[in-house]
Amino acid sequence: MVSTALASTLARRNIHYGWVVVAATFLTMLVTAGAMGAPGVLIKPLQDEFGWETSQISSALAIRLILFGFMGPFAAAFMNYFGVRKVIVFALALIGAGFIGSLFMTTLWQLLLLWGIVVGFGTGLTAMVLAATISSRWFTRHRGLVVGMLSASSATGQLVFLPLMAELTERYGWRSTVFFVCAMIMVAALAVLAFMRDRPADLNLPALGETHVTPPPAATSLGVALMTPITVLREISKTSTFWILFATFFICGLSTNGLIQTHFVTLCGDFGIVPVAAASVLAVMGIFDFFGTIGSGWLSDRFDNRWLLFWYYGLRGLSLLYLPFSDFSFYGLSIFAIFYGLDWIATVPPTVKIAADRFGREKVGLVFGWVFAGHQLGAATAAYGAGLSRTELSSYLPAFFVAGAFCLLASILAITLKKSGLRCSPLISTGPGLETRPGLSTGSV
């Protein structure tokens, strides 16, 4: 097989095959995130062709975001039972089918089915839990770096493809963007088929940072695997820590991909800014987000994560409240793009770190999966609510004021968390079934 031959070649050069798996995962998350962001540049063309209102289109995007979030805890179970490679290929095929089907849609229910349910399920299988699974299985050393890279790829992918997709839509119509998304999905699927392996043991390798090959765990039934997320939810739902993290991440989704990713291009169009230029502003956010997220991971290892969340949510809220007063000029939007971009998903590393400290390393993947579900509920609320605001009030701006105010509330909620008495290593770990060993510096680069 290609992976076996490549692993042997890399081993002779003292390069671990885990980095090839990271590259394939990075591409997968980048592409699926791009697919998640594509509808943001297609709202106006769909309105023009089919006569659908913004709130109607937004309802499909809200369904997609809800499924994207609630699939997270169960995606880990599917990966453990069926294998990462099979789950990723199935997810990419599902996303591709949803977009290809949309080429032939004529009624609103078809949009709800294809872009809401089908794409929602597919993208949910490749959400943040995929990054957690890959990092925990393949890495002991450099695990923190891998989590940061893959998390950043997911958020950045939602933004960096938008200028190209906006250009394609403007020149050749919205169906050309659908073809582009499908082409990206095919490339990612081929890379996964060629290079992805489920575990290091498949290639008779130890995880990077270990010396012994870890055999795969004993197989369990699908029923047991699917019940594990429910069992964990029942336990953590009795704690105030979980509900505070859930609430703050709900607000995180409310103020990021549900609002900005979904509606920013259309918002700018209301102020006379062409889609390509508006999408370019989002791409700038994506670039700054990449560095902001990795930097946030570095800070979360060294400072009180409650206060990091306080500042992240507070500054994000102020930036959202500033946007309506920016006059949507080049200078004003540039300031917004830089400061908001640095904070796009900077909240992820501190949230994961707090979850790991409070609930333990072995549960943090599933705990974060449920917290992330809150994120997507917030995103769905903003996706539909902002569309409703534009339909009923002829303006998106009330939604931005509401989101900004909620961010300020989240900053206050973050510091109400009690300081953890647990002493944990600086590793930001999100992997299901993670085992830690004293003395291993797993978060070093």
Checklist entry - Are Leu125 and Ile88 side-chain neighbours, meaning at least one heavy-atom pair lies under 4.5 Å? => result no
Checklist entry - Are the side chain of Ser326 and the backbone of Tyr322 linked by a donor-acceptor contact shorter than 3.5 Å? => result no
Checklist entry - Can you name the closest pair of heavy atoms from Leu259 and Ala399 and give their distance? => result CD1-CB, 4.1 Å
Next on the checklist: So which atom in Ala414 and which in Phe310 form the shortest heavy-atom distance, rounded to 0.1 Å?
Outcome noted: CB-N, 4.0 Å
Checklist entry - In Å, rounded to the nearest 0.5 Å, how long is the span from CE of Met71 to CZ of Phe78? => result 5.0 Å
Next on the checklist: Would you say CZ of Phe406 has more than 12 non-hydrogen atoms from neighbouring residues, nucleotides or ligands within 6.0 angstrom?
Outcome noted: no
Next on the checklist: Counting only heavy atoms from other residues, nucleotides and ligands, does the tally under 6.0 Å from CZ of Phe339 exceed 12?
Outcome noted: no
Item to check | Check: Ala188 main-chain N/O paired with Thr28 side-chain donor or acceptor under 3.5 Å | outcome: no
Item to check | Inter- and intrachain pairs under salt bridge (charged side-chain N to carboxylate O under 4.0 Å, His left out), touching residues 49-71, at least two apart | outcome: Glu49-Arg175
Item to check | Asn204 side-chain N/O to Ala201 backbone N/O, donor-acceptor pair under 3.5 Å | outcome: no
Checklist outcome for this item: Separation between SG (Cys407) and CG (Leu254), nearest 0.5 Å, reads 7.5 Å
Checklist entry - Just wondering, are more than 12 heavy atoms of other shown residues or ligands nearer than 6.0 Å to CZ in Phe330? => result no
Item to check | Nearest atoms (heavy-atom pairs only) where Ala91 meets Thr126 | outcome: CB-CG2, 3.7 Å
Next on the checklist: Quick one: does any side-chain atom of Asp198 pair with a main-chain N or O of Val84 as donor and acceptor, under 3.5 Å?
Outcome noted: yes
Checklist entry - Is there side-chain contact between Gln376 and Phe70, with heavy atoms separated by less than 4.5 Å? => result no
Checklist entry - Between Arg316 and Asp343, is there a donor-acceptor pair closer than 3.5 Å when you use the side chain of the first and the backbone of the second? => result yes
Checklist entry - Is the Phe74 ring parallel, tilted or perpendicular to the Trp370 ring (thresholds 30°, 60°)? => result perpendicular
Item to check | Mutual orientation of the aromatic rings belonging to Tyr396 and His263 [parallel < 30°, tilted 30-60°, perpendicular > 60°] | outcome: tilted
Next on the checklist: Out of the candidates Asp48, Ile57, Val265, only one should pair with Ile43 under the side chain to side chain contact (heavy atoms under 4.5 Å, CB included) rule; please name it.
Outcome noted: Ile57
Checklist entry - For Phe401, does the CZ atom have more than 12 heavy-atom neighbours from other residues, nucleotides or ligands under 6.0 Å away? => result yes
Checklist entry - Is the Phe26-Trp19 ring centre distance short of 6.0 angstrom? => result no
Checklist entry - CG/Leu113 to OG1/Thr107 distance, rounded to the nearest 0.5 angstrom? => result 9.5 Å
Checklist entry - In Å, rounded to the nearest 0.5 Å, how long is the span from OG1 of Thr4 to CG of Asp202? => result 9.0 Å
Checklist entry - If we only count heavy atoms from C-beta on, is the Phe400 to Ile260 side-chain gap below 4.5 Å? => result yes
Checklist entry - Looking only at heavy atoms, what is the nearest atom pair of Pro350 and Tyr312, with distance? => result CG-CE1, 3.7 Å
Checklist entry - Is Ser296 reaching over with its side chain to a backbone N or O of Gly292, donor-acceptor style, under 3.5 angstrom? => result no
Item to check | Rounded distance [0.5 Å steps], OG1 in Thr347 versus CG in Leu308 | outcome: 11.0 Å
Next on the checklist: Tell me the closest heavy-atom pair linking Leu393 and Pro398, and the distance in Å.
Outcome noted: CD1-CG, 4.0 Å
Item to check | Residue pair Leu114 / Val119, side-chain heavy-atom distance below 4.5 Å | outcome: no
Next on the checklist: Please check this pair: side chain of Ser389 against backbone of Gly385, looking for a donor-acceptor N/O pair closer than 3.5 Å.
Outcome noted: no
Next on the checklist: Within the structure provided, determine whether Leu130 and Leu150 are in side-chain contact (heavy-atom separation under 4.5 Å).
Outcome noted: no
Checklist entry - Under 30°, 30 to 60°, or over 60°: which ring-plane class applies to Trp52 and Phe50, parallel, tilted or perpendicular? => result parallel
Checklist entry - When you look at Thr123 and Thr32, which way does the side chain to side chain donor-acceptor pair (under 3.5 Å) test go after all the steps? => result CA-CA 6 Å; Thr123 53; Thr32 55; over 6 Å; no
Next on the checklist: side-chain contact (heavy atoms from CB on, under 4.5 Å), that's the test. Do Tyr17 and Leu208 meet it? Break it down for me.
Outcome noted: CA-CA 9 Å; Tyr17 191 81; Leu208 181 58; over 6 Å; no
Checklist entry - Taking the side chain as C-beta and beyond, is there a heavy-atom pair between Met285 and Phe264 under 4.5 Å? => result yes
Item to check | Atom of Gly116, atom of Leu67 and distance for their closest heavy-atom approach | outcome: O-CD1, 3.7 Å
Checklist entry - Distance-only, no hydrogens or angles: does the Arg85 side chain make a donor-acceptor pair with backbone N or O of Leu193 under 3.5 Å? => result yes
Next on the checklist: Could you measure the distance from the CE atom of Met184 to the CE atom of Met165? Nearest 0.5 Å is fine.
Outcome noted: 6.0 Å
Item to check | Residue pair Val178, Ile100: steps toward the side-chain contact (heavy atoms from CB on, under 4.5 Å) verdict | outcome: CA-CA 7 Å; Val178 171; Ile100 290 173; 5.9 Å; no
Item to check | side-chain contact (heavy atoms from CB on, under 4.5 Å) between Ile117 and Leu112, worked out | outcome: CA-CA 7 Å; Ile117 297 174; Leu112 297 174; over 6 Å; no
Next on the checklist: Between Leu320 and Tyr340, is there a side-chain heavy-atom distance shorter than 4.5 Å?
Outcome noted: yes
Next on the checklist: Any non-hydrogen side-chain atom of Arg390 less than 4.5 Å from a side-chain atom of Asp270?
Outcome noted: yes
Checklist entry - Going through the checks in order, is the side-chain contact (heavy atoms from CB on, under 4.5 Å) test met by Tyr313 and Cys252? => result CA-CA 8 Å; Tyr313 283 117; Cys252 183; 3.5 Å; yes
Checklist entry - Relative to each other, are the rings of Phe271 and Phe328 parallel, tilted or perpendicular (30° and 60° limits)? => result parallel
Checklist entry - Parallel, tilted or perpendicular for Phe372 and His375, by the 30°/60° rule? => result parallel
Checklist entry - In terms of side-chain heavy atoms, does Ser102 have a donor or acceptor partner in Trp115 at a distance below 3.5 Å? => result yes
